[in-house]
Colleague: 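Structure incoming, see below.
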Amino acid sequence: MRVHVPIHLRWGDLDAYNHVNNVELMRLLEEARVRVFWRDDSEGGDIDSGMALIEAEAGSNTITLIARHEVEYVLPIPYQRQPLDVQVWIGNLGGASLEVGYEVYGPVGTDQPLYARASSTIVLVDAETSRPRRITDEERTAWTRYLEDPVPFTKRR
């Protein structure tokens with residue numbers, strides 16, 4: 001099961017070629033990832049919050065660190081007023097890490113071209129010891145329902 005995260009583009013996300021800059025795409029993926037995984041009880045609930053088990057506040061017991069990103073750009077992303085449909089799922093659950101998969105599509109209600117696919121490896125770290133910590137049973141149970149095949153990169157080496 002994938003979580004669909006609507007992400008709006010900003011005019012500043014464009015580059016001189018009038019499409020979303022590759023660095024800005026990483027920021028859009030970060031925004032989707034934070035909205036999916038970090039718990040914030042004040043949000044209005046525009047996305048499925050079943051993965052949101054990590055505290056998003058200073059003083060949290062867990063720090064999330066990115067160990068790896070991989071991106072495959074399929075089509076240039078033009079500026080559009082409707083939000084992109086960033087689909088997020090878990091491609092792998094390890095002992096202290098997980099691989100998050102993303103596919104970035106055009107707005108819902110359009111022909112939804114696929115613009116990019118990506119993955120991020122997240123390591124869960126104990127804030128007090130600065131050492132990786134195991135995924136808890138509660139997290140594993142909640143996240144398993146979002147588990148599907150890893151991102152199908154077409155040009156993986």
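Remember, predicted model here, so these are calculated numbers, not experimental data. We number each residue from 1, following the sequence as shown.
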Colleague: Grouping I, L, V, M, F, W and Y whenever their side-chain heavy atoms are under 4.5 Å apart, do I63 and I135 come out in a common cluster?
Modeller: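 No, separate clusters.
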
Colleague: Find the distance between CG (D15) and CD (E24) and round it off to the nearest 0.5 Å.
Modeller: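 So the CG of D15 and the CD of E24 are separated by 9.5 Å.
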
Colleague: Closest approach of V125 and L65, non-hydrogen atoms and distance?
Modeller: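 Scanning both residues, the minimum pair turns out to be CG2-CD1, 3.7 Å.
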
Colleague: Enter the distance from R133:CZ to R131:CZ here, rounded to the nearest 0.5 Å.
Modeller: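 Taking CZ in R133 and CZ in R131, the distance rounds to 14.5 Å.
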
Colleague: Whether R10 and D13 form a salt bridge (side-chain N of Lys/Arg under 4.0 Å from carboxylate O of Asp/Glu) is what I want to check.
Modeller: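 A salt bridge is present here (some side-chain N lies under 4.0 Å from a carboxylate O).
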
Colleague: Answer with yes or no whether the hydrophobic clustering places L9 together with V71; edges join I, L, V, M, F, W, Y residues whose side-chain heavy atoms lie under 4.5 Å apart.
Modeller: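 The answer is yes; both residues are in one hydrophobic cluster.
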
Colleague: Is there side-chain contact between H19 and L75, with at least one heavy-atom pair below 4.5 Å?
Modeller: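 H19 vs L75: side chains apart.
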
Colleague: Going from CG on L28 to NE2 on H8, what distance comes out if it is rounded to the nearest 0.5 angstrom?
Modeller: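 NE2 of H8 is found 11.5 Å from CG of L28.
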
Colleague: Is there a donor-acceptor contact under 3.5 Å from the side chain of Q112 to the main chain of G106?
Modeller: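 A pair under 3.5 Å: yes.
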
Colleague: Check the hydrophobic clustering (I, L, V, M, F, W, Y; side-chain heavy atoms under 4.5 Å; chains of links allowed) and say if L93 and I66 are grouped together.
Modeller: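 Yes, same cluster.
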
Colleague: Salt-bridge test for R27 and E30: reply yes if a basic N is under 4.0 Å from a carboxylate O, no otherwise.
Modeller: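 No.
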
Colleague: Of the non-hydrogen atoms in P150 and E99, which two are nearest, and what is the gap between them?
Modeller: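 Scanning both residues, the minimum pair turns out to be CB-OE2, 3.7 Å.
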
Colleague: Rounded to the nearest 0.5 Å, how far apart are OH of Y105 and NE2 of H4?
Modeller: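 These two atoms lie 9.0 Å from each other.
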
Colleague: Determine whether E138 and T141 make a side-chain contact, defined as any pair of heavy atoms from C-beta on separated by less than 4.5 Å.
Modeller: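 They are not in side-chain contact.
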
Colleague: Of all the heavy-atom pairs spanning A32 and V86, show the shortest one and how long it is.
Modeller: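 Closest heavy-atom pair between A32 and V86: CB-CG1, 3.7 Å.
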
Colleague: Cluster question for you: counting only ILVMFWY and a side-chain heavy-atom cut-off of under 4.5 Å, with indirect links fine, are Y73 and V100 together?
Modeller: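 The answer is yes; both residues are in one hydrophobic cluster.
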
Colleague: I'd like to check R35 versus I7 (side-chain heavy atoms, cut-off strictly below 4.5 Å). Are they in contact?
Modeller: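 Answer yes - side chains close enough.
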
Colleague: If you round to the nearest 0.5 Å, how far is CZ of F37 from CH2 of W143?
Modeller: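 The distance works out to 6.0 Å.
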
Colleague: Is there a donor-acceptor pair closer than 3.5 Å between any side-chain N or O of E128 and the backbone N or O of D126?
Modeller: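 No.
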
Colleague: What pair of heavy atoms forms the shortest contact from A127 to S60, and how long is it?
Modeller: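 Between these two residues, the closest heavy atoms are CB-O, 3.3 Å.
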
Colleague: May I ask whether V108 and V36 are part of the same hydrophobic cluster, defined by side-chain heavy atoms of I, L, V, M, F, W, Y residues being less than 4.5 angstrom apart, directly or through others?
Modeller: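 The answer is no; the residues belong to distinct hydrophobic clusters.
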
Colleague: Counting only N and O atoms by type, is there a donor-acceptor contact under 3.5 Å from the side chain of W89 to the main-chain atoms of E103?
Modeller: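 Pair absent, no side-chain N/O of W89 close to backbone of E103.
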
Colleague: Mind listing the closest non-hydrogen atom pair of R33 and S120 along with its distance?
Modeller: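 Heavy atoms of R33 and S120 come nearest at NH1-OG, 3.6 Å.
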
Colleague: Give the minimum heavy-atom separation between V123 and P132, together with the two atoms involved.
Modeller: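 Minimum heavy-atom contact is CG1-CB, 4.1 Å.
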
Colleague: So, E139 side chain and T136 main chain: donor-acceptor pair closer than 3.5 Å or not?
Modeller: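 Answer holds: yes.
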
Colleague: Supply the atom-to-atom distance I77 CD1 to L25 CG, rounded to the nearest 0.5 angstrom.
Modeller: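 I77 atom CD1 to L25 atom CG measures 5.0 Å (nearest 0.5 Å).
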
Colleague: Check whether any side-chain heavy atom of T64 sits under 4.5 Å from a side-chain heavy atom of L124, and report yes or no.
Modeller: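 They are in contact (side-chain heavy atoms under 4.5 Å apart), so the answer is yes.
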
Colleague: List the steps, then state whether side-chain contact (heavy atoms from CB on, under 4.5 Å) holds for T154 with V74.
Modeller: CA-CA 10 Å; T154 59; V74 178; over 6 Å; no

Colleague: Is there a side-chain contact (heavy atoms from CB on, under 4.5 Å) between T121 and L98 once you walk through the steps?
Modeller: CA-CA 6 Å; T121 301; L98 56 145; over 6 Å; no

